Amino acid sequence: DKLIIDLRGNPGGFLEVAVDIASWFLPVGKVVVTEDYGDDTRDRVHRSRGYNVFTDRLNLVILIDQGSASASEIFAGALSENGKGTLIGAQSFGKGSVQQVFEVTDNTSVKVTVAHWLTPNGNSISDGGITPDIEVKMPEYAQLPYINPEKELKESDLSDQVKTAEQMLNALDLNPGNVDGYYDEDTTKAVKQFQEKNELEVTGTLNAETTVKLMSNLRDKLKENDPQVKKAIEELNKNN
């Protein structure tokens, strides 16, 4: 009777699949999404098929963020506005356009937006995306980019990759000194501490094995301390 659906970073998929999955939760006939062509005679309303998989006993939280787009926004908006789920996280991406490809010549084509998706309450998904019921920010380190493990980072290096590594070390409570992209003695010391703690060869250099382990540890920390998931669990338990 409690469920969390995590749509963070979900770029979407097929419209029909979004309608189909929404039908697991919504009574038959409830509006899932409307394709608005700017002409009432052409608008197409997609409604729930009412599979009755889940009953009103279900307490549902849906997690969204700026990476939730397209079909995932359709699903989140449909359940929220039909009173079936609480949205937690951050504003979604806002990809609510219906596009059609027209052939111009044998070798060229043009993609044209022909309609927009509207939520059950008539809100355009393209107009700023879906707003969560409860906004919860993620820690800054959750947005750090990937470090290429094939490129070794060492003392005296200066790059954006080094700065990212310093930010990761900081997030793991290791002090790399100034977070400025310069691999100095403090950075080397922090890397050695990390290597020793994780039973790696202590070199002070970010080789492939150390880099992969650094990113892995950061992911583990985020899983253990995910504020959006914690808030979702809190809301579900509050509704007992």
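For clarity, every value in this text was computed on a predicted model and none was experimentally measured.
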As an exercise, state the distance from [atom1] of [X] to [atom2] of [Y], rounded to the nearest 0.5 Å.
X	Y	atom1	atom2	result
N123	I130	CG	CD1	7.5 Å
L172	Q167	CG	CD	12.0 Å
Q195	N207	CD	CG	6.5 Å
S156	E185	OG	CD	9.0 Å
T187	K189	OG1	NZ	12.0 Å
D36	S124	CG	OG	7.5 Å

Considering only heavy atoms from C-beta outward, does the side chain of [X] approach that of [Y] to under 4.5 Å?
X	Y	result
V114	Y37	yes
S97	W117	no
T119	I125	yes
L169	L214	yes
V112	Q100	no
L200	F194	yes
S216	R219	yes
P139	L222	yes

Heavy-atom pair of closest approach, residues [X] and [Y]:
X	Y	answer
Y183	G204	OH-O, 2.6 Å
P149	V212	CB-CG2, 3.8 Å
L218	A171	CD1-CB, 3.6 Å
E73	G129	OE2-CA, 3.7 Å
P132	G89	CG-O, 3.5 Å
M168	P145	CE-O, 3.6 Å

*Going by an N to O cut-off under 4.0 Å, is there a salt bridge joining K238 and E235?*
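Yes, charged N to carboxylate O under 4.0 Å.
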
*Is it true that K84 and D56 make a salt bridge, defined as a side-chain N closer than 4.0 Å to a carboxylate O?*
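Yes, this pair counts.
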
Applying a strict under-4.5 Å side-chain criterion to I, L, V, M, F, W and Y, I'd like to know whether [X] and [Y] cluster together.
X	Y	result
V136	L87	no
M215	L153	yes
I5	L236	no
I88	V229	yes
I62	M138	no

*asked:* Pairing donors with acceptors under 3.5 angstrom, does anything connect the side chains of H116 and S126?
replied: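 Distance-only check passes for H116 and S126.
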
*When you check the side-chain N and O atoms of K2 and N237, is any donor under 3.5 Å from an acceptor?*
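There is such a pair between these side chains.
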
_With sequence neighbours excluded, residues passing salt bridge (charged side-chain N to carboxylate O under 4.0 Å, His left out) with D106_ =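 Residues passing salt bridge (charged side-chain N to carboxylate O under 4.0 Å, His left out) with D106: none at all.
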
Using a 3.5 Å distance criterion without hydrogens, assess whether the side chain of [X] forms a donor-acceptor pair with backbone atoms of [Y].
X	Y	value
S68	S92	no
T188	D184	yes
S80	G77	no

*Is there any salt bridge (Lys or Arg N to Asp or Glu O under 4.0 Å) pair reaching into residues 150-179, and which pairs are they, with sequence neighbours excluded?*
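Every salt bridge (Lys or Arg N to Asp or Glu O under 4.0 Å) pair that includes a residue of residues 150-179, provided the two are not neighbours, is K154-D157.
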
Compile the donor-acceptor pairs under 3.5 Å between side chains in residues 8-32 and protein atoms, sequence neighbours left out, one pair per line.
unit_1: R8; atom_1: NE; unit_2: D6; atom_2: OD1; d: 2.9
unit_1: R8; atom_1: NE; unit_2: D6; atom_2: OD2; d: 3.3
unit_1: R8; atom_1: NH1; unit_2: D226; atom_2: OD1; d: 3.1
unit_1: R8; atom_1: NH1; unit_2: D226; atom_2: OD2; d: 2.9
unit_1: R8; atom_1: NH1; unit_2: Q228; atom_2: OE1; d: 2.9
unit_1: R8; atom_1: NH2; unit_2: D6; atom_2: OD2; d: 2.8
unit_1: R8; atom_1: NH2; unit_2: D226; atom_2: OD2; d: 3.0
unit_1: N10; atom_1: OD1; unit_2: G12; atom_2: N; d: 2.8
unit_1: E16; atom_1: OE1; unit_2: R49; atom_2: NH2; d: 2.7
unit_1: D20; atom_1: OD1; unit_2: R49; atom_2: NH1; d: 3.0
unit_1: D20; atom_1: OD1; unit_2: Y51; atom_2: OH; d: 2.5
unit_1: S23; atom_1: OG; unit_2: V19; atom_2: O; d: 2.8
unit_1: S23; atom_1: OG; unit_2: R49; atom_2: N; d: 2.9

_Is it the case that atom CD in E140 sees more than 12 heavy atoms from other parts of the structure closer than 6.0 Å?_
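For E140, atom CD is not crowded (no more than 12 foreign heavy atoms under 6.0 Å).
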
